[in-house]
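Please read the structure below before turning to the comments.
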Amino acid sequence: MTRIKIAHLYPKLLNIYGDGGNILALKKRCEWRGIEVELDEINIGDKIKEHDIYFIGGGQDLQQIEVSKELQKHKDFLTQERDRMAVFLGICGGYQLMGHYYQPHNGEKLLGISLLDAYTVAGDNRFIGNVTIKTDLIENGTLVGFENHSGLTYLEGETEPIGTVLIGNGNNGGDKLEGARFKNVFGTYLHGSFLPKNPQFADYLLELALGFKPEPLDDKIENLAHNALRGKKY
Ligand code: GLN
């Protein structure tokens with residue numbers, strides 16, 4: 001039987017706007033196909049062993065301080081995991097910490113783990129609202145979600161965006177880019193939950209992790225959720 005190992009990093013600290021739903025979506029989409037799932041919650045102080053998929057959600061600046069410190073202990077290991085093409089998904093606050101750093105309005109710069117060549121600085125506005133982006137990574141071509149951040153993220157080097165913004169602000173509200181990808185590491189500002197509303201992207205991540213295309217599922221309900229948000233600001 002095929003088996004997949006998923007790590008949920010720091011769910012007690014970084015987990016807002018339904019981020020935990022991403023884990024549920026990955027787990028159920030595997031189980032519906034008879035793929036066995038080992039799910040490990042990694043909390044402060046825990047060791048991290050090899051997994052196929054790593055997920056980290058969003059949160060407030062306060063929780064990011066603690067996670068930023070803890071992640072430094074695992075930076076070398078997680079970099080090795082990235083380089084052997086393990087899959088990572090980071091949402092909002094978690095995305096910011098997968099880059100080089102997040103500079104909040106007040107206080108010290110929070111170091112990230114540089115899995116992505118990206119950095120984030122707090123801006124003067126808070127971007128709140130629904131987002132639709134256009135992406136070439138999946139066949140249906142759009143991703144939807146909900147953003148709530150003041151951090152402005154900028155990509156450098158070989159780190160590519162996931163897509164371009166059609167509705168909403170995305171990485172920084174200026175360059176029309178949303179999300180980031182380097183190797184199999186993905187970051188995005190899309191909460192709400194992201195993967196349940198974007199089933200093709202969930203399967204894209206599973207395909208990268210499994211090394212084969214998982215069989216199609218009946219995504220009628222998931223697609224209704226996707227289509228209800230697509231192209232809508234309110
Ligand atoms: N502190 C970050 C910001 O506002 C992250 C917010 C979040 O994860 N929703 O930019």
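Numbering of ligands and ligand atoms starts at 1, following listing order.
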Chi angles and distances behind the salt bridge (charged side-chain N to carboxylate O under 4.0 Å, His left out) call for E207, K213: CA-CA 5 Å; E207 181 179 346; K213 216 179 188 39; 3.4 Å; yes
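- Residue contact check: Q64 has heavy atoms under 4.0 Å from atoms 1 (N), 2 (C), 5 (C) of ligand 1.
- The shortest non-hydrogen separation linking Y189 to C92 is CD2-SG, 3.5 Å.
- Residue K183 holds its NZ atom at 7.0 Å from CE of M85, rounded to the nearest 0.5 Å.
- Under a 4.0 Å criterion applied to the non-hydrogen atoms of R126, ligand 1 contributes the atoms 4 (O).
- If you check which protein heavy atom lies closest to atom 1 (N) of ligand 1, you get D61 OD1, 2.4 Å.
- Heavy-atom proximity to G93, at under 4.0 Å, picks out these atoms of ligand 1: 5 (C), 7 (C), 8 (O).
- Of all the listed residues (P104, S150, G58, G59), G59 holds the heavy atom that lies closest to atom 5 (C) of ligand 1.
- Ring centroid separation for the pair F88 and F186 does not come in under the 6.0 Å cut-off.
- Scanning all protein heavy atoms for the shortest distance to atom 10 (O) of ligand 1 gives G151 N, 2.7 Å.
- Of the listed options G57, G123, G90, C92, C92 places a heavy atom closest to atom 7 (C) of ligand 1.
- In this structure, H100 has its ring center at least 6.0 angstrom away from the ring center of Y119.
- Near N148, meaning under 4.0 Å from one of its heavy atoms, ligand 1 places the atoms 6 (C), 7 (C), 9 (N).
- A heavy-atom distance below 4.5 Å is found between the side chains of L177 and T164.
- With N169 as the partner, the side chain to side chain donor-acceptor pair (under 3.5 Å) test is satisfied by one option alone out of R126, H149, E147: E147.
- Looking at I16 against ligand 1, only its side chain comes within 4.0 Å, counting heavy atoms.
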